[in-house]
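Working notes, structure below.
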Amino acid sequence: MATKHIIVDDLSVEYLGATKKIYALQHVSLDINRGESIALVGESGCGKSTLGVSFINLLPLNSRITSGTIKFISNSKEIDIFKTPTSELQKLRWSKIVMMAQGALNAFNPVMRIRDHFIDTAYSHGWKNKTEILNKARYLLKRVHLDSERVLSSFPHELSGGMRQRVLLSLGLLLNPEVVILDEPTTALDILTQRNIIELLKELKKEFNFTLIFITHDLSLAAELADRVAVMYAGKAVEVGDVYDIFATPYHPYTAGLITSTPKLRGESTEVTSIPGSPPNLSEIFKGCPFYERCPLRSNVCINSQPKLTAVEEKDGHLVACHHASKNTLEHIKQGDWLSTIQ
Amino acid sequence: MEELMIELNNITKFYRKRNKVIKVINKVDLKFKDDEILCLVGESGSGKTTLGKIIAGLIEPTEGEIKYNGKLLKQMGSKEAKEIRRAIQMIHQDPFASLNPVRSVYQTLSTPLLYYNIVKGEKETKKKVLELLEVVDLTPAEDFIYKYPHQLSGGQRQRVAIARALTVNPKFIVADEPVSMVDASIKASIINTLKRIRKEFKVGFLFITHDLALARLFGGDGKLGVMYTGRIVEYGFTDDIIGNPKHPYTITLLSAVPEPDPAVTRAKKRVKLRSDDIPRLDSLPDGCHFHPRCPLFIEGKCDKLLPELRAIHSRHYVACFVEDAERKILEMTREND
């Protein structure tokens, strides 16, 4: 039985705009197990990045947590992330939970050498011995297949995107974190660089045994790296389950739609069925299912009643939020021509 | 103009920066007709966008010539040149940058229509604009016609950019990563729209992408060129190349692509390169540009001579000295296991 590492319970977050509110997360509950690798998958605006920063309570100032908690379990103690004072949180961040935001490889201080990035980070978490810090840094840089001496004395602009991504990973592991959160770790990288980062993440995870949470819009990356997948849509988790189950038998029509709309390199089909329409406006609270407008399986019950994330009958730990979910969803989606059924 | 034949001879593009010469395109020969689908794949910096812009007539090559129906642009009279420029249109990568933010959809689409005298009068223009919006699946068209780019999502903007390319009845469209900036669920529907346009309007496409699966999806029945450091290293029918790649670089790319199925993607054999670094374009290595990374590198040959693109059988071309590369690489990965 897997032990829980992070428990997200009924989390809702809203952003306050000039004229309207955006309900970015709506009653999200999700358990993350110790040592697993979980992918948060969804399109832009589905709330996956908001959930990512919630783990370390770094939500922007115009946001408000309207319900729910996030509990982080470390040394069999439960830490309530939203109730922890900032001074404690600052110690927690980077030492226990590391978050690498999207594009963080462009966030190095341009006038500091890589060496000083390592030293600064370690100093602010109470390390004193410079040699010790640099030895650890050297080991980690070698671990990500970089020439440690050259990189340590380089400025960020002297390194390529792939190299900076790898430096960032080793900087992230400097304080032996328990949880590593990566937001779009391979977007904007080339195919071969992306492949290197994927292989590296697999190796590092094996060696350091951290819990990996990664946020991506790329289903293939989830297929490659994740043990479990949480599919998000319009601020909600709509399907959660084992990676093999999710890809082989998705229960939610949105998950099935994402799968059928991803082009494949091998296999017969050179056709994809796309999901019609576009994601909904998040400035309203949904009465019914947020996917209703785009869903081929919809019926009247979906208009007024919001489906709850519940376990499917056939499989333990596979959760879905849909009134019409079944193990045949993928077949339905493949057979039905979405564009012709919905106008 | 009945049909259009585009021919690139020995196209080379250099940029100068201080004392350095950056070789972006290196002696590319290509020949295709306006009813063909041609995909270009490669990593950033491989020169695929530059080549696309040269074909669209937006950039002049440093050396070599590009002929349209056997003629150079500068040999043509202004009327004929204008006709060529009309016949080849471009869709750019970033719809957030390619649309003028202070022009409504109507203004964006009506300007080329009026410039080329395709329509006359306001009524006809509006009718044509609405028609174009229907073609690119922006329906109901009345809802979109007076919108400004900031009121549209990324996918909708890209559809406007596609409609703009279609305004002047082109014969050939250069599409530079048209879906790399839009979301997964929207990506497939834009590709389906483009495929429909291909058939309905009988336009040819140069489709530039870094995603091999996308190249297969859009141009599975067309041709594929794989680019590396400004050269085409493999060229042929898309199906042939994906099913039976010949160049070690193509083989590496195909092995590196993650696939949307955990069972498939985790069972894939990955090719290990000798080096991860792409050579700098201002100091390309001697011989084959891929040799410092190539697992099948032959000393004394690959680092001395630049392999020409040669036909291995009719209509499959590869620029590599090694025969039977795929089998050799497969054996190497097996030994490493």
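Each chain gets a letter, A, B and so on, in the order its sequence line appears, and its residues count up from 1. Nothing here was measured: the structure is a model prediction, and the numbers come from that model.
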Does the distance from a Lys or Arg side-chain N to an Asp or Glu carboxylate O, for B:E259 and B:K268, drop under 4.0 Å?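 Counted as a salt bridge, because a side-chain N and a carboxylate O are separated by less than 4.0 Å.
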Among A:T187, A:I198, A:I191, who wins on heavy-atom pairs under 4.5 Å with chain B?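 Highest number of pairs under 4.5 Å: A:I191.
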B:I191, part contacting chain A, at a heavy-atom distance under 4.5 Å: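 Neither part.
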Under 4.5 Å from any heavy atom of chain A - which part of B:T252: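 Both the backbone and the side chain of B:T252 come within 4.5 Å of chain A.
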With a 4.5 angstrom heavy-atom cut-off, could you sort out which part of [X] is near chain B: side chain, backbone, both or neither?
| X | result |
| --- | --- |
| A:L225 | backbone |
| A:A222 | backbone |
| A:L192 | both |

Verify whether the ring centers belonging to A:Y292 and A:F286 lie closer than 6.0 Å.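 For A:Y292 and A:F286, the ring centres are not under 6.0 Å apart.
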Is the distance between the ring centroids of B:Y235 and B:H316 under 6.0 Å?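 No.
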Is the ring pair A:H157/A:F155 parallel, tilted or perpendicular, if the boundaries are 30 and 60 degrees?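 Parallel, since the angle between the ring planes stays under 30°.
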Aromatic plane relationship, A:F291 with A:Y233 - under 30° parallel, 30 to 60° tilted, over 60° perpendicular: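 Judged by the thresholds at 30° and 60°, the geometry between A:Y233 and A:F291 is perpendicular.
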Heavy atoms only, distances under 4.5 angstrom: which of B:S153, B:A188, B:P262 has the most pairs with chain A? Name it, please.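 Answer, by heavy-atom pair count under 4.5 Å with chain A: B:P262.
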Is B:R231 reaching over with its side chain to a backbone N or O of B:C288, donor-acceptor style, under 3.5 angstrom?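 Flag not set: sc B:R231 to bb B:C288 has no pair under 3.5 Å.
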